[in-house]
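As structure tokens, the structure follows; a few thoughts come after it.
Each chain gets a letter, A, B and so on, in the order its sequence line appears, and its residues count up from 1.
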Amino acid sequence: MITTRFAPSPTGYLHIGGLRTALFSWLWAKKNEGEFLLRIEDTDLSRNSDEALEAILKAFDWVGMSYNGEAIYQSKRFDIYAKYVEQLLKEGKAYRCYMSKEELSTLREEQMSKGERTRYDGRYRNFKGTPPEGIEPVIRIKAPTEGNIIFNDGVKGEICIAATEVDDFVIARAGGVPTYNFVVAIDDALMGLSDVIRGDDHLYNTPKQMVVYEALGFKLPNFYHVAMINNEQGKKLSKRDGATDVMEYKALGYLPEALLNFLVRLGWSHGDQEIFSIDEMIELFDPKNINKSSSNYNLDKLLWLNAHYIKNMPNEKLALHLKEYGVEVEEHDKLELLLDATKERGKTLVELANQINLILTTPTEYDAKASKKAFKGEAMNILSDFVTMLQTWDKPLHTPPEYHEVIEKFVADKEIGFGKIGQPLRVTLLGSMTGSGLDEIMAIIGVEETVHRIEKVIKLHTL
RNA sequence: GACCCUUUCAUCUAGUGGCCAAGGAUAUUGCGUUUUCAUCGCAAAAACAAAGGUUCAAAUCCUUUAGGGGUCGCCA
């Protein structure tokens with residue numbers, strides 16, 4: 001049985017890097033028909049916020065990832081942690097340390113100046129005397145003092161860290177609140193995790209957590225440390241790099257399936273395959289194919305994927321998404337035609353919404369460059385004649401081919417090139433020189449609106 | 001500074017000693033399709049960080065150097 005988890009701390013929005021590790025964990029659990037659990041790391045009372053937690057849950061919901069059972073809150077488990085602190089104290093595997101913060105920082109400065117990695121020197125490890133007055137002690141765990149701490153990372157291979165690099169770290173603060181590395185190890189063990197997939201910024205926490213596992217006699221899970229996502233310049237992703245909040249991608253018009261496909265290919269691959277449906281990801285994901293090195297975030301690829309998913313999405317479903325972007329077309333009688341005519345022209349739902357609005361609303365502005373080019377010479381007469389032909393047309397006018405026939409007949413009768421009517425008509429209908437096919441546009445808006453738009457232009461240009 | 005991780009086209013990546021004078025994808029450029037734009041199709045350009053080894057044979061193994069990242073909290 002594979003059990004994985006995502007363990008965010010509710011101090012901000014869900015970051016795309018966090019979403020990727022969550023995705024990897026989720027996929028691995030799903031693939032093995034195991035469980036994916038959610039744990040909220042809120043042991044730091046002062047930094048938590050309800051809004052942050054809500055934002056994280058909302059982002060999970062948006063991408064369609066769900067977790068098994070109830071979310072676990074560490075803040076509600078303090079009694080459990082306290083019990084284990086007691087146990088370790090009793091067994092002599094942990095001890096009270098009365099070092100003041102001033103003493104600690106002096107020690108660090110000394111070590112730093114000697115060019116050493118800073119760490120606690122163990123001065124209270126075997127302390128038997130009378131504790132100093134006025135100091136509320138912290139609890140430290142006894143870490144091994146010699147040898148190496150070795151574990152086999154599922155991504156990076158064997159990791160070997162000298163025991164001297166791991167100090168007797170604090171497991172309970174003055175006041176008794178337990179610390180991160182202590183509670184993570186306990187919860188991961190108690191929640192029955194088989195596989196811990198996390199960012200490689202946690203690599204150095206692993207030996208510390210192993211000390212806790214060892215002291216408490218817990219079974220070690222498999223660890224996988226996934227390298228970071230950097231910005232396009234290869235530097236650490238920061239707010240200045242644009243969207244790092246998952247929900248921002250929704251606002252920008254990205255489909256969740258595109259974002260997940262993008263993220264799953266950042267640091268993971270399955271041969272040459274680029275497009276993965278959610279089901280395929282679940283079927284094919286395996287942490288053994290996770291890359292060792294960090295990867296750069298690349299907006300072009302995400303955009304391409306998003307365009308791909310828009311193009312291939314059934315129109316009904318697309319219409320549902322579009323509602324979130326202020327476009328109500330579900331009830332439109334030409335829905336299929338409208339979306340088929342526009343969805344290849346929008347890389348994001350925002351762009352697609354604009355394309356649709358361009359067709360659905362009578363233009364109020366006409367692109368200056370386009371109209372200068374299109375509305376010259378005989379253009380108004382040609383448009384006027386075209387109106388006449390539309391109004392006297394005696395065959396049905398509903399589909400694009402039917403409109404196409406009108407235009408064909410028109411250019412044949414007039415003995416003019418397609419461009420003579422095409423350019424002015426396009427600018428007339430859309431206000432711009434580029435966009436969907438004329439036949440489609442007319443079929444969508446109908447004869448009446450077509451005529452209306454042409455007459456509006458003629459009126460503007462004959463005053 | 002110390003410790004740990006990492007290094008294939010601009011970017012994401014395939015590649016586990018011979019199938020590699022390195023493959024795919026995005027972006028770029030060109031051509032074609034399209035009355036426009038977009039889509040689509042075809043083509044081009046583009047990389048094994050460097051130096052030493054090991055081997056009949058190295059992108060793949062080893063060493064060193066250089067670059068990038070992470071960690072060194074009574075934060076998580």
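- Listed by residue number, the members of residues 409-422 of chain A with any heavy atom below 4.0 angstrom from RNA chain B are A/Phe418, A/Gly422.
- B/G24 sits 15 Å from B/G15 when the P atoms are compared, rounded to a whole Å.
- Relative to the side chain of A/Lys101, the nucleotides B/G1, B/C74, B/G70 differ in distance, and B/C74 lies closest.
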Please set out all donor-acceptor pairs under 3.5 angstrom arising from side-chain atoms of residues 377-385 of chain A, sequence neighbours excluded.
from, atom 1, to, atom 2, distance (Å)
A/Glu378, OE1, A/Asn381, ND2, 3.1
A/Asp385, OD2, A/Lys414, NZ, 2.2

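- Comparing B/U63 with B/C4, their P atoms sit 13 Å apart, to the nearest whole Å.
- If you check B/U36, B/G73, B/G1 against the side chain of A/Arg426, the one that comes closest is B/U36.
- Residue contacts for A/Asn205: at a heavy-atom cut-off of 4.0 Å it reaches a base atom on one of the strands shown.
- Side-chain N/O atoms of A/Arg345 include none lying less than 4.0 angstrom from OP1 or OP2 on B/U39.
- Between A/Phe78 and A/Tyr73, the ring center distance fails the sub-6.0 Å criterion.
- Not a single side-chain hydrogen bond (donor to acceptor under 3.5 Å, both in side chains) links A/Tyr254 to another residue, sequence neighbours left out.
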Tabulated below should be each protein N or O lying under 3.5 Å from an N or O of nucleotides 61-69 of chain B; please produce it.
from, atom 1, to, atom 2, distance (Å)
B/G69, OP1, A/Lys235, NZ, 3.4

Notebook entry, point to check: Base, backbone or nothing for each nucleotide of nucleotides 15-32 of chain B, written B, S, -, heavy atoms under 4.0 angstrom, 5' to 3'?
Noted result: --------BBBSS-----
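- Every residue two or more places apart in sequence or in another chain that forms a side-chain hydrogen bond (donor to acceptor under 3.5 Å, both in side chains) with A/Asp439 is listed here: A/His404.
- Residues A/Phe24 and A/Trp268 keep their aromatic ring centres 6.0 Å or farther apart.
- Going from the C1' atom of B/A44 to that of B/A59 covers 24 Å, rounded to whole Å.
- Across all strands shown, A/Val170 has heavy atoms under 4.0 Å from sugar-phosphate atoms exclusively, and none from any base.
- Taking atom C1' on both B/A66 and B/U55, the two are 26 Å apart, rounded to the nearest angstrom.
- Rounded to a whole angstrom, the distance from the C1' atom of B/A38 to that of B/A14 is 31 Å.
- Side-chain proximity of A/Ile161 to B/C12, B/C4, B/C74: nearest is B/C4.
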